[in-house]
Amino acid sequence: MTNEVIWEEDSDGVVLAWFFDAGEKVNEGDILVEVMVDKIQYEIASPGDGVLQIDKVVDSPVIKGDVLGRLA
Amino acid sequence: MSATVDAVAKKRKLTIARAVSEAIGQEMADDDNVFVMGEDIGALGGVFGTTQGLLERFGPDRVRDTPISETAFIGAGVGAAAVGMKPIVELMFVDFFGVCMDAIYNLAAKNAYFSGGKQPIPMVLMTSVGGGYSDAGQHSQCLYGTFAHLPGMKVVMPSNAYDAKGMMISAIRDPNPVVFMCHKNLQGMGWLGTVADAIVNVPEEAYTVPLGKAEVVREGKDVTVVGFGSTLHMANTAAAKLAERDISVEVIDLRSFVPLDRETLIASVSKTGRLVVVDDDYQSYGVSGEIIATVTEAVGTQLRACPRRVTYPDIPVPFSRVMEQYALPSPEKIEAAILASLE
Amino acid sequence: MNLSRDLLLDMYQNMVTSRGYEEQIAQIYMEGKQPKFDMAAGPIPGEMHLSNGQEPVAAGVCAHLQATDVVTATHRPHHIAIAKGVDLNAMTAEIFGKRTGLSGGRGGHMHLFDTSVNFACSGIIAEGMGPAAGAALAMKMRGENGVAVAFIGEGAVNQGAFHEVMNLAAVWQLPFICVVEDNAWGISVSKRQSTAVAKNDVRAAAYDIPGEYVADNDVIAIYEAAGRAVKRARAGQGPSLIEIETTRLAGHFIGDQEAYRGDEKQQLNDAIPRFRTHLLEQQSVSEVELQVVEKAAADRVADAIAFARESEEPHPEEALEQVFVEAAI
């Protein structure tokens with residue numbers, strides 16, 4: 001299961017903070033990560049239950065369609 | 001952190017701003033007398049995010065956007081508290097205290113005393129402090145000393161989200177007025193840059209962290225370094241660096257200016273014999289002086305070195321980045337002060 | 001009232017210079033702040049409050065003012081500074097935090113001081129009221145026929161200092177004018193939510209002084225209302241209150257997402273193209289003349305920015321200077 005970011009513009013974003021460590025169990029609805037795109041902070045909630053794996057660490061630049069993390 | 005955290009519970013992290021709003025939300029759910037008012041704390045959730053989500057949950061009667069009228073709404077906070085409500089009032093930037101200080105230091109802080117204990121003021125005044133991001137002289141101040149100096153109000157500042165939630169809950173339940181300061185470098189606003197170590201695991205249930213207790217966050221034997229808010233993290237950085245050179249630094253997170261945990265400070269310096277205080281407020285006539293005086297009065301003859309402080313100079317905060325960064329405390333300045341005290 | 005073409009073109013020039021300036025500043029401000037909008041980063045760090053949409057207020061009022069008249073302004077000062085004749089190169093260098101800035105980089109965008117044209121601004125709401133009244137007091141005591149103007153926002157009218165200063169100015173009959181820029185928003189809180197009256201000109205009755213409300217961001221109507229107030233002040237007839245309906249085209253500060261504004265932004269109307277059309281159609285100004293003014297404005301803005309970029313940074317230890325000034329012996 002992947003956790004993708006959806007936004008409208010083609011602008012760059014950046015990962016501001018992860019609220020769970022890699023390897024932690026998370027539940028659907030938990031706020032996992034905060035991303036900034038075009039000056040707006042977005043909180044991304046978990047789409048389901050699982051163990052978190054992080055692909056893009058804090059301060060990583062991200063673009064539309066990037067995978068930020070995964071649930072195992 | 002605290003041993004009361006349930007090891008089996010989910011470990012999720014929060015920013016200080018989120019932790020504060022979670023604390024307020026839990027207390028508001030529990031006690032109808034708790035309400036929030038201030039500028040832009042409703043729809044916007046606070047300029048620094050300390051009340052995010054509260055308006056949607058509790059409605060405009062208990063989460064009130066005010067006009068730009070600090071004297072009026074802070075005075076009103078005092079009055080509401082006097083008749084049994086528990087207002088949480090936001091003063092957006094601590095620098096704005098000038099327009100409304102009378103209600104704070106002459107009423108909120110003194111009514112319990114004037115009334116012989118019969119009219120306590122259980123009001124929380126929350127406010128944001130600190131600079132380092134070029135907001136210039138009227139939006140970057142700390143002013144810990146200004147508030148701590150005046151009797152009758154507790155003055156506290158958490159350095160991380162765990163302490164922030166627990167201290168806010170304590171503050172709301174405290175029958176005394178509490179000035180709850182959030183350092184802007186730590187709050188978690190994306191557009192302000194946040195020290196990562198402030199974002200820590202925060203239990204989901206309500207819990208308290210006592211006001212008036214400092215915490216030894218790093219044990220050491222060569223020197224005691226006292227920091228708070230932003231300077232606590234700078235002290236940790238300096239201590240970690242010096243550990244590589246076998247210098248053992250004990251770091252204390254003060255957490256509370258009033259009540260001041262003199263016991264913890266004195267015990268630490270009795271052990272190490274050396275003291276460095278890191279204070280990003282103006283140098284003179286403030287917290288750094290009080291800490292040094294209070295420790296020296298108790299154990300001065302046992303000191304192995306003169307106490308030192310790394311502080312902000314007695315100047316208005318300059319706008320220009322090179323000048324502001326020159327003035328601010330930093331891990332490098334702390335390292336230098338520690339090394340100087342070890343000579 | 002028939003306004004001279006020179007005056008109209010002067011006001012237009014102030015407005016387009018201001019707008020062009022804010023547009024350039026907005027772009028430069030975002031340098032170094034992408035993708036992560038960190039306010040501390042880039043050639044212009046800190047907060048930035050732009051005046052796009054509010055130009056007519058500055059142009060219409062300042063057209064009546066001399067260099068010796070005093071103006072205080074707020075955290076949203078650029079349009080007023082430009083209309084008052086502040087040195088644009090030094091102002092821009094100050095916004096960039098450079099050594100050649102108005103205060104050598106100590107003040108920045110919210111603390112611009114140009115004593116040669118008696119302009120100052122600051123960041124606490126309603127703070128400029130007292131100093132403007134004080135300048136008016138000094139003028140009266142010295143028998144000068146100057147005037148002092150405090151520009152504030154409509155949110156500031158709810159701050160205690162507004163009430164105290166209006167009363168004092170009225171009781172002492174000071175040559176003082178309070179100009180309220182009503183852009184309907186105090187950060188995220190609308191005027192409707194925060195203010196007990198729909199229009200603040202009615203508050204003038206509380207001080208027994210003249211009050212006027214100018215609708216629709218109309219620079220000519222603003223000029224005329226300001227003219228009446230300035231005339232009264234210079235004639236020793238005391239203070240006035242003017243509230244001007246204007247428009248904040250952008251957010252409170254750069255970075256403000258303005259979710260609280262909902263759909264209102266679609267209806268905002270921009271006074272500059274409106275005035276341009278008026279000049280062409282009603283005042284027999286030619287397209288060529290307008291383009292000459294617009295080019296001069298753009299060049300002036302470009303020069304100021306180049307000056308700021310090329311200027312040196314302050315020496316760090318200069319932070320310690322100017323806390324106290326040397327006494328003249």
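Naming: A, B, ... by sequence-line order, numbering from 1 per chain.
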> Measuring heavy-atom distances to chain B, does C/Lys36 have an atom under 4.5 Å in its side chain, in its backbone, in both, or in neither?
side chain
> Strictly distance-based, threshold 3.5 Å: is any side-chain N or O of B/Asp65 a donor or acceptor partner for the main-chain N or O of C/Val189?
no
> Among C/Ala41, C/Gly186, C/Gly42, C/Gly104, which residue has the highest count of heavy-atom pairs closer than 4.5 Å to chain B?
C/Gly42
> With a 4.5 Å limit on heavy-atom distance, are the side chains of B/Trp191 and C/Asp38 in contact?
no
> For the candidates C/Val323, C/Thr195, C/Val157, C/Ile124, which exhibits the highest count of non-hydrogen atom pairs separated by less than 4.5 Å from chain B?
C/Ile124
> Chain B: which of C/Gln193, C/Glu127, C/His315, C/Glu321 shares the most heavy-atom pairs with it under 4.5 Å?
C/Glu127
> Can you spot which of C/Arg99, C/Glu318, C/Glu317 makes a side chain to side chain contact (heavy atoms under 4.5 Å, CB included) with B/Met323?
C/Glu318
> Does atom NZ of C/Lys199 have more than 12 heavy-atom neighbours from other groups under 6.0 Å away?
no
> What is the distance from atom CZ of C/Phe324 to atom CD1 of B/Ile315, rounded to the nearest 0.5 Å?
12.0 Å
> Kindly indicate whether the side chain of C/Leu320, heavy atoms from C-beta on, has any atom under 4.5 Å from the side chain of B/Tyr326.
yes
> Is there a side-chain contact between C/Gln159 and B/Val99, using heavy atoms and a 4.5 Å cut-off?
yes
> Examine distances only and state if a side-chain atom of B/Arg321 and a backbone atom of C/Ala40 form a donor-acceptor pair shorter than 3.5 Å.
yes
> Roughly how far, to the nearest 0.5 Å, is the CD atom of B/Gln138 from the NE2 atom of C/His111?
4.5 Å
> For chain C, which residues from residues 67-80 of chain B have at least one heavy atom closer than 4.5 Å to it?
B/Pro67, B/Ile68, B/Ser69, B/Glu70
> Identify the heavy atoms of C/Phe96 and B/Phe319 that sit nearest to each other, and give their distance.
C-CE2, 4.2 Å
> At a heavy-atom separation under 4.5 Å, does B/Val317 approach chain C through its side chain, its backbone, both, or neither?
backbone
> C/Glu47 versus chain B, heavy atoms under 4.5 Å apart: side chain, backbone, both or neither?
both
> Can you sort out the partners of C/Tyr21 under ring-ring contact (aromatic ring centres under 6.0 Å, His included), two or more places apart, ordered by chain and number?
C/His78
> What distance do C/Glu313 atom CD and B/Ser320 atom OG have between them, rounded to the nearest 0.5 Å?
5.5 Å
> How far does CE of C/Met39 sit from NZ of B/Lys184, to the nearest 0.5 angstrom?
9.5 Å
